[in-house]
Amino acid sequence: MSTGFFTDTTLCIGCKACEVACKQWNELPSDGFAFTGMSYDNTVHLSGTTWRHVAFVENVQMDPQGLSDHWSMMSDVCKHCTHAGCLEACPTGAIIRNEFDNVYIQPDVCNGCGYCVPSCPFGVVDMIGQVASNAAYNVATLNQERRERDETAVQGRGGVAGKCTLCYDRQRDGFIPACAKACPTESIQFGDVDELKARAHERAQTLKERGLDASLYGVGWDSSVGDLNAFFLLTDRPERYNLPPEPVLPSTRQPAGYGAAAAAALVMFACGLAIFGRSPS
Amino acid sequence: MPGLGTSFGRGGSTTFLQDLQNADCILIEGSNFAEAHPVGFRFVVKAKERGATIIHVDPRFTRTSALADHYVPIRSGTDIAFLGGIINWVLTNNRYFREYVVAYTNASSIVVDTFKGTEDLDGLFSGFHGGDTGLTAMSHYGGAAQGRDSIGGYDTETWQFEHDDGGAVKRDDTLQHPRCVFQILRRHFSRYTPEMVERVCGTPQNLFLLVCETLAKNSGRDRTTAFAYAVGWTQHTVGVQYIRTAAILQMLLGNVGRPGGGVMALRGHANIQGATDIATLYDLLPGYLPMPSIERNEQTLADYLKINTKRTGWWSNLPKYVISQLKAFYGDAATKENDYCFDYLPQLTGDHSTIPTTFAMKDGVVKGYFVIGQNPVTSGQNTGLIAASMDRLQWFVNIDSYENESSSFWKREGADPTKIGTECFFLPAATVLEKDGTMTNTNRLLQFHDKAVEPAGESKSDLWYLYELGKRLKKLYAGSTQPKDRPILDMTWDYEHENERERKRGEPSASRVMQEINGYVVATGEQLKDFTECRDDGSTACGGWIYSGVYPDKNTNRARSRKGDAWTALEWGFAWPSNRRMLYNRASADPDGKPWSERKKYVWWDEQAGEWTGVDVPDFAKTKAPNTPATAGASGMDAHSGADPFIMQLDGRAQMFVAGPLKDGPLPAHYEPLASVIHNQLYSQQHNPSLKEFRRRDNPYNGSVNAEYPYVLTTYRITELSGIFTRYIPWLAELQPEAFCEIDPELAVQKGIRNGEYVTLTTAVGEIEARALVSGRMKPLRIADGKRVHQIGLPYLYGNFGFTKGDTSGDLISLSMDPNVSIHEAKTFTCDIRAGRRDRRTGPLLQDSPVPADEQIPDGQPQTHGIDQLKTERT
Amino acid sequence: MSEPVLPALPDEAYAGAGNGKVPQLNYFNRPLLRKLHWDERVITYLFLGGAMGGSGVLAALAQRSGNEPLTRTSRYLSLALAVACPAVLVSHLGRPERFHHMLRIAKLKSPMSMGAWALVGFGALAALNAGGQLSRDGVLPAWIRRLEAPFGVRLQGMLGAFTTGYTGVLLSATAVPLWARGKYHIPAASVCSAIASACALNSLALTRDRNGGEAQIKLERLEACASVLELGLLLHFRSHAGATGKPMFEGARGERLRTWTIGAGILAPLALNAISLLTRNHKKRPFVLRALLGGALTLAGGYIFRETLIEAGKASCEDPEQAFYQSK
Amino acid sequence: MKKARTTIDVTNLLTRAGEEIAARVGPSPNVPSARTQSLGPRVRHAKPVTSVCPYCAVGCSTLAYVSDDGTLLDVEGNPDSPINAGHLCPKGSAIFGLTVNQMRWTTVKYRAPYGTTWEDRPLEWALERIAHLVKETRDKTFVQEKDGKRVNHTLGIASLGGATFSIEENYLLGKLMHSLGVVSIENQARI
């Protein structure tokens with residue numbers, strides 16, 4: 001069966017429990033302490049060591065009645081695409097599709113070539129910096145020994161690619177992923193993707209009836225990445241949440257690329273043959 | 001909690017979190033529910049999914065507002081005007097639940113003819129003499145005393161009901177009598193019109209009326225509305241009256257004691273409720289028994305019982321609880337002959353709450369200070385003063401898990417340690433995972449937590465330290481013959497742990513402590529099944545009667561029971577009293593004992609079985625039939641009929657009009673906060689006349705309507721942080737890395753403030769800096785005479801230790817107190833703001849300056865605010 | 001009571017707080033894609049790898065035309081570069097000790113995986129052929145010569161051709177808007193630039209060889225063809241890429257590309273070699289200085305081309321709008 | 001026989017090799033590592049201990065997973081709880097970091113009057129010193145009578161307790177302080 005997330009932004013209270021629960025379970029360091037002034041969002045973006053990120057989208061008028069005000073929050077995560085750019089790009093086979101149909105980076109295999117980073121059309125995958133060299137306060141709560149023993153996602157000194165594992169290790173024993181478990185309002189729901197999709201369509205319908213402009217992102221859409229195992233219910237344009245409205249699977253450009261290269265190479269050969277000619281002997 | 005206590009009888013949330021999902025409408029006011037109690041908020045979301053309407057009334061558009069159906073802006077500090085406006089609307093449009101009001105509240109009770117209200121006295125109630133405030137200790141947590149003495153500058157003689165010869169209160173069930181509470185209410189709130197609400201609160205009328213209509217529409221036989229509040233309502237100089245106003249409104253709408261209704265009090269910390277139930281508050285003994293005080297002349301046990309025992313209602317049982325408690329404290333030493341060691345208890349001589357204590361410390365009265373799991377130097381107010389006061393201590397003991405601003409107050413910016421003579425100790429504390437213990441949640445639910453791991457390093461549980469200290473003191477005093485030392489020597493102190501290993505570590509047994517709180521039969525040592533088994537002859541010992549029943553026998557700790565279900569979950573933990581989840585639930589049935597409606601059935605009278613039944617433990621005598629008449633002239637519970645649900649009260653009814661013991665009036669009236677931007681639009685009395693002040697040079701006030709401080713400032717917590725612990729956890733610190741304040745764009749432009757840059761906030765007490773978060777979520781309001789009010793939001797959670805840093809809002813707040821519970825006013829005051837950072841503190845602050853003897857008040861006692869002369873001011 | 005009318009506020013008042021009044025295309029105008037962490041080591045590899053592949057191609061051509069001097073230099077250079085390139089690649093890995101994981105699998109869909117295997121194959125053949133050359137030059141025993149086969153040289157040539165092109169495919173098969181846009185141009189241009197660099201490098205190596213003159217002149221001609229084609233591709237890419245091409249063709253980076261890659265790397269050598277290109281005299285050996293200068297300029301241009309490609313790619317990641325609406 | 005076995009082995013070997021290669025070569029081979037194959041939650045063999053969240057008063061029930069050697073591995077919500085049904089807020093989700101944290105102080109510290117630093121001291125010494133200070137201050141400041149009325153109290157000592165302080169701790173503190181005659185006993189509950 002394939003498992004995934006249905007993230008319903010209309011239930012999100014922006015508490016960021018998902019971010020913390022994820023870091024706690026996966027033993028991830030903090031990314032540092034910088035005030036951004038971007039509403040309540042100081043995480044800004046998913047990173048190699050931040051696998052859930054809550055976006056805060058303010059739609060507030062200077063209207064004292066506040067009737068038209070919206071402040072929508074959305075917990076972003078790896079989309080676990082049906083056709084994953086990162087997975088196709090990975091030269092070591094570190095990134096695999098596991099038995100739950102999730103896209104998983106094997107931290108013990110990845111050698112940090114970094115090719116998956118530009119290959120993700122959602123800007124999810126990122127390199128994990130040199131964790132050991134981080135200031136101690138970023139890792140105050142982490143267990144150095146476990147990292148050295150390569151028992152954690154951020155192994156030893158890091159230097160590998162990182163992203164949401166959909167708590168592969170937990171799923172193995174039937175535990176649900178940390179973020180979905182923590183989420184107080186069940187804005188993040190985990191389960192069998194088909195069931196989730198059914199639930200999502202139903203939900204979107206009810207919200208439409210309540211006059212909300214609700215749409216599903218990553219379900220039954222025309223995109224080369226296919227449906228997303230982690231999909232979203234949005235009430236605003238995807239761009240407002242920093243989601244690409246029409247993601248493209250990078251590998252779809254390979255035929256063109258190889259073709260052009262071959263053509264150029266042939267031309268070069270031809271010139272070469274013409275110029276150098278065949279040896280008299 | 002006197003707000004709830006005086007109105008309904010007990011100082012606890014009337015309902016429980018899970019039940020919010022049954023509400024048809026939830027009004028969240030004075031609380032940022034989603035941010036401060038995210039997991040509790042899931043029941044609000046559930047209710048919303050079931051079609052309930054969620055209303056959030058708040059100065060800021062918060063994450064709670066984001067999920068609410070209606071966000072209603074309000075000027076902070078004006079909730080009484082807002083709720084009073086709704087009360088007025090409900091009364092004038094006859095939208096109240098008449099049967100409920102007549103049967104279950106004291107709306108029909110007739111008040112003595114000498115009573116005069118704010119309508120007659122322009123903001124005062126009859127009996128004001130402006131005298132000294134006297135004690136806070138007026139059993140205000142719904143407790144016992146009949147407050148008829150001079151309190152808070154008021155003489156409450158005239159706040160009484162007329163009684164018939166049988167001693168019962170005179171009533172007029174037609175609610176027509178001009179002096180019945182209902183008519184008094186009408187007159188009292190008549191000037192709280194929608195126009196007035198807009199003038200005072202800045203809430204647009206159409207929004208206000210929308211709220212009124214929604215509440216009324218969702219109350220009655222078949223529908224219920226719940227209110228949820230938190231410290232946004234309590235931390236005011238009229239805090240108690242905020243809650244009173246909400247209580248009165250809920251009585252009128254008939255929502256108390258019914259599913260999906262009630263008043264949900266959201267406590268800020270894990271065991272706030274527990275710490276008031278088993279009080280570590282100067283004026284209370286465990287179980288809401290008042291501390292003896294010389295001001296009420298409670299010199300002997302007899303005096304004490306005479307003053308505090310009520311003739312009718314549940315509090316008629318008080319002697320049993322007091323004597324059982326003394327037996328628990330002093331064991332065999334407590335005998336009938338020596339008044340059960342009553343005179344071992346110290347006597348109160350004034351207000352010894354934390355703020356007066358701070359001044360006493362500053363003036364050198366307090367020499368030694370224990371601070372346990374608390375950080376007054378950031379979470380207090382006028383924190384500069386608190387730190388300066390600690391400079392003058394001889395010794396200071398801090399028990400905590402992390403270095404914090406209080407433990408290291410001598411390291412603070414601008415202070416010179418070599419001039420601070422305090423001897424300081426830091427004892428490492430075990431965290432919640434490293435010790436056994438019980439905590440009482442916001443809806444009175446006791447839950448036991450098991451020790452999971454050994455304490456780190458040398459850390460010990462707080463219980464260990466207290467137990468150890470007690471043992472050592474007993475040793476030190478051993479052999480003393482002085483009477484003053486008897487209490488220590490006679491105090492029972494035997495909590496040896498059952499477990500061998502723990503005993504070796506010297507760890508006391510939390511279970512045995514809880515067993516003592518639950519109570520036992522002295523002779524046999526058997527546990528009490530319930531507080532009904534308490535006796536006043538010394539045959540039972542009971543440390544805290546309200547918790548009795550949690551440990552019915554030595555092997556059952558009901559706080560550990562873990563069988564859950566989706567609603568009342570009676571087998572999950574133990575809720576006081578007697579595992580009742582919803583208080584006053586008798587009111588969920590009509591006077592005849594039938595559910596008000598099928599949809600809202602909860603507890604009802606089962607004719608066949610001849611007992612009360614339902615989904616919860618009835619908060620009523622199980623077999624007392626609804627048609628049982630009240631026995632005239634009877635005492636105790638017999639004075640109540642089978643249709644009187646509020647068993648703690650004298651007359652068994654919810655109190656719209658409180659005949660004492662509140663110190664600022666039997667009814668709520670709107671007064672402006674101590675630091676406000678406008679004059680009181682309702683009365684010429686600007687402030688609560690009974691509020692307590694400390695007029696000293698080290699505690700200056702912004703002053704009312706002072707042009708120097710033109711902006712309203714409110715403080716709050718954000719989801720990601722909660723004081724010192726969280727500031728040390730990288731996962732949380734990175735989510736809110738620096739102190740910030742929220743500013744509306746208009747003000748930002750006026751002041752040349754750019755989003756994300758530093759600003760400096762100033763008040764009379766001090767200045768702090770924070771990052772600016774400019775957002776349209778902060779809305780400038782238009783109030784009286786078109787005046788424009790800008791409100792600034794400031795999270796209070798920051799300090800100099802930990803990973804997320806920043807100045808504490810406490811540096812801005814002058815100390816003042818509500819007259820009833822001595823709580824400070826941190827939720828609304830005024831300030832000025834400018835772009836840029838503050839100067840580094842080098843020299844001493846004004847708080848450090850010693851106060852000349854003539855300015856000092858003995859033992860740090862406060863003064864009553866008194867009558868304002870605004871008539872002359874306003875022209 | 002009518003609502004208070006609010007003064008119009010300058011946009012900065014809403015900075016940070018996303019306000020309905022200030023239309024924000026996306027999320028606080030933050031980039032959608034993650035920052036590329038590829039540094040000069042990757043650029044160097046792209047450059048050297050191209051030269052290596054080109055040398056392989058030249059080795060095959062030389063073999064076919066029986067041009068002794070070129071055969072020698074091209075084989076030796078191929079081997080030298082086949083050693084250098086993996087070293088550079090490994091050094092840029094986050095976990096260099098795990099470089100061999102590249103050979104855990106062979107993934108047809110991953111240009112990098114294909115490239116890795118091509119590199120291995122090329123290296124092996126380069127060693128073989130260089131070995132043969134060494135034994136022919138009397139450095140190694142004669143029996144080694146038997147290991148080399150004409151087929152081997154041709155295969156090395158083909159793998160070489162692949163390595164000149166796959167890097168371009170590798171780049172264009174990503175979400176980086178600029179690279180995606182150049183899915184035809186970048187791979188083709190990479191091939192040309194690689195051949196040009198290889199010609200320049202071999203020609204430089206031949207300046208010391210007394211009999212290298214003819215080869216040098218032929219190399220100049222091949223280089224000229226490659227350069228002209230590359231120039232055409234770049235110009236067309238510029239017009240084709242439009243706004244997406246900004247990071248590459250505009251500003252300082254565009255300036256750099258014009259001066260070095262086009263000016264110094266393509267036009268200058270063409271001008272320098274113009275005479276000999278136009279005269280049909282094959283025997284006449286070019287002036288050493290001219291050969292050195294032309295070669296150096298071509299190589300510099302080639303390096304700057306790769307550098308611009310990577311750096312512009314990074315910049316292109318920063319632009320959310322481009323990332324949202326990238327071409328299919 | 002012997003021969004046969006070897007041949008079997010050889011074919012077996014070859015087929016195995018074949019399979020290996022087939023698995024590792026293709027459009028997008030999917031080869032899990034040994035670690036991945038044996039992957040599982042670190043709490044697989046741990047003992048869950050029920051606890052309560054120490055932050056707000058909602059009273060979320062938590063499960064603390066402890067390994068056999070008594071180390072804390074993980075803390076998460078208790079799914080059986082009627083209150084939180086396994087959910088937790090960010091603070092609750094970080095309880096682990098509250099207990100396991102390099103910044104935590106786990107030794108007894110002492111700062112002498114006019115001192116500029118904390119220094120470690122033995123627990124025994126500190127407790128003895130504190131007990132003496134309490135007695136000394138109490139004896140100095142104890143008042144038996146005020147304006148002819150018995151008061152039996154001392155204003156010389158005050159205590160302030162936090163709100164994560166358990167009920168048992170509140171009870172003992174109250175009992176002890178009242179017996180000492182201390183009246184300035186306060187708690188976060190008021191603050």
Side-chain angles (χ1 to χ4, degrees), chain A residues 10-17 19-24 27-43 49-50 53-54 56-67 69-73 134-142 182-187 203 206 210, chain B residues 33-35 37-42 44-46 48-49 61-67 70-73 202-204 206-207 718-720 728-740 744-746 754-757 771-782 802-806:
Chain A
T10 60
L11 296 179
C12 181
I13 56 172
C15 71
K16 306 179 194 171
E19 290 190 33
V20 179
C22 172
K23 290 210 171 196
Q24 196 267 130
E27 301 169 281
L28 300 172
S30 94
D31 290 4
F33 313 105
F35 181 83
T36 64
M38 292 166 50
S39 192
Y40 275 14
D41 179 4
N42 292 300
T43 315
T49 48
T50 297
H53 159 243
V54 181
F56 289 77
V57 179
E58 292 191 8
N59 265 322
V60 283
Q61 315 300 325
M62 284 295 291
D63 148 30
Q65 300 232 3
L67 289 170
D69 286 357
H70 298 292
W71 191 15
S72 74
M73 298 133 200
N134 279 10
Y137 52 72
N138 283 5
V139 295
T141 49
L142 302 187
C183 182
T185 54
E186 283 156 45
S187 162
R203 173 74 179 160
T206 4
R210 287 189 207 162
Chain B
F33 205 151
E35 295 195 41
H37 304 86
V39 180
F41 192 72
R42 74 195 194 91
V44 178
V45 173
K46 275 198 162 79
K48 189 184 177 191
E49 292 313 304
F61 187 101
T62 69
R63 285 179 259 195
T64 308
S65 324
L67 272 275
H70 308 301
Y71 164 68
V72 180
T203 310
N206 56 340
L207 275 183
I718 43 182
T719 313
E720 297 85 344
Y728 274 108
I729 302 174
W731 296 322
L732 296 172
E734 72 177 326
L735 300 178
Q736 291 292 0
E738 212 176 334
F740 67 92
D744 70 73
E746 190 183 321
R754 295 291 309 274
N755 183 62
E757 292 175 3
R771 299 275 201 166
L773 188 61
V774 180
S775 168
R777 292 182 294 103
M778 300 297 291
K779 299 186 186 308
L781 296 173
R782 164 146 151 182
F803 303 137
T804 168
K805 291 189 165 51

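In the text below, chain A, chain B and the rest are named by the order of the sequence lines, each starting its count at 1. Keep in mind it's a predicted model, so treat the numbers as computed, not measured.
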- Message: To the nearest 0.5 Å, what is the distance between CG on A:D41 and CD on B:Q736?
- Response: 9.5 Å
- Measure across A:E186 and B:K46 and return the closest heavy-atom pair with its distance rounded to 0.1 Å. OE2-NZ, 4.4 Å
- Task: Just say parallel, tilted or perpendicular for the rings of B:F803 and A:F33, cut-offs at 30° and 60°.
- Result: parallel
- Of all of B:E757, B:R42, B:R63, which one pairs up most often with chain A through heavy atoms under 4.5 Å apart? B:R63
- Message: Distance check, rounded to the nearest 0.5 Å: A:W71 atom CH2 versus B:S775 atom OG?
- Response: 7.0 Å
- Message: If you count heavy-atom pairs within less than 4.5 Å of chain A, which of B:E738, B:K805, B:E720 leads?
- Response: B:E720
- Query: chain B heavy atoms under 4.5 Å from A:T10: which part of the residue, side chain, backbone, both or neither?
  - Reply: backbone
- Task: Under 4.5 Å, counting heavy-atom pairs only, tell me which of B:I729, B:L735, B:T719, B:V39 racks up the most with chain A.
- Result: B:L735
- Message: At a heavy-atom distance under 4.5 Å, which candidate from B:A733, B:G40, B:A772, B:S65 has the highest pair count against chain A?
- Response: B:A733
- A:S39 OG to B:L773 CG distance, which is reported to the nearest 0.5 Å: 6.5 Å
- Item | chain B contact via A:Y40 - side chain, backbone, both or neither, heavy atoms under 4.5 Å | both
- Go through A:T185, A:T141, A:V20 and name the one with the most non-hydrogen pairs under 4.5 angstrom from chain B. A:T141
- Just by distance, do the side chain of B:W731 and the backbone of A:L28 share a donor-acceptor pair under 3.5 Å? yes
- Item | Heavy-atom pair with the smallest gap, counting every atom of B:R771 and A:F35 | CB-CE2, 3.6 Å
- Salt bridge between A:K16 and B:E734, side-chain N to carboxylate O under 4.0 Å? no
- Message: I'd like to know whether B:K779 forms a side-chain contact (heavy atoms from CB on, under 4.5 Å) with A:D69, so could you lay out the CA-CA distance, the side-chain angles of the two residues, the decisive distance to 0.1 Å, and finally the verdict.
- Response: CA-CA 11 Å; B:K779 299 186 186 308; A:D69 286 357; 2.6 Å; yes
- Below 4.5 Å from any heavy atom of chain B, which atoms of A:Q24 appear? Answer side chain, backbone, both or neither. both
- Which value, rounded to the nearest 0.5 Å, describes the distance between A:C15 atom SG and B:I718 atom CD1? 13.0 Å
- Query: How about B:E49 and A:L11: do any of their side-chain heavy atoms sit closer than 4.5 Å?
  - Reply: yes
- Note on the structure: Scanning both residues in full, the closest heavy-atom pair of A:I13 with B:P38 reads CD1-CB, 3.8 Å
- Relative to chain B, which segment of A:C12 carries a heavy atom at a distance below 4.5 Å: side chain, backbone, both, or neither? backbone
